[in-house]
Amino acid sequence: MNHDNLPAAEEADIRAAITAALERWLRQSGLTQTAAADLLGTTQARVSEIKHGKTSQFSLDLLVRFAARAGLQPRLTLTAP
């Protein structure tokens with residue numbers, strides 16, 4: 001196992017959880033994609049990618065930043081095997 005990076009399955013789970021939360025936030029916020037982009041500090045095209053779940057090219061750092069800017073208070077819980 002490469003200790004420098006998360007195993008792919010765990011990274012995919014974290015990415016999916018953040019993406020789903022951002023998708024919900026976009027739906028519930030009532031913001032236009034342009035307004036959401038301004039709030040998140042990104043482009044409308046990136047917001048469209050989030051809205052459609054196409055975030056595989058986004059870094060986890062960026063997804064966490066977007067979640068925090070959206071007021072989602074991202075947290076990580078670690079458990080022992």
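Taking each heavy atom of L60 and E11 in turn, the nearest pair found is CD1-CG, 3.7 Å. Across all non-hydrogen atoms, the minimal contact from V64 to P74 is O-CG, 3.9 Å. Annotation for G53 and T19: closest pair CA-CG2, 4.0 Å, computed over non-hydrogen atoms. What you find for E23 and I50 is that their closest heavy atoms are CG-O, 3.2 Å. When all heavy atoms of Q44 and A37 are compared, the closest pair comes out as N-CB, 3.6 Å. Between Q33 and K51, the shortest heavy-atom contact is NE2-CD, 3.3 Å.
A heavy-atom distance below 4.5 Å is found between the side chains of L40 and W25.
Here L76 contributes atom CG and I14 contributes atom CD1; the two are 6.0 Å apart, rounded to the nearest 0.5 Å. Atom CG of L22 sits about 8.5 Å away from atom OG1 of T55, to the nearest 0.5 Å. Atom CD1 of I18 sits about 9.5 Å away from atom CG of L72, to the nearest 0.5 Å.
Checked options L31, L26, D38; the residue passing with V47 is L26 (criterion: side chain to side chain contact (heavy atoms under 4.5 Å, CB included)).
Geometric assessment of R15 against the ring of F58 yields a negative cation-pi assignment under the 6.0 Å and 45° thresholds.
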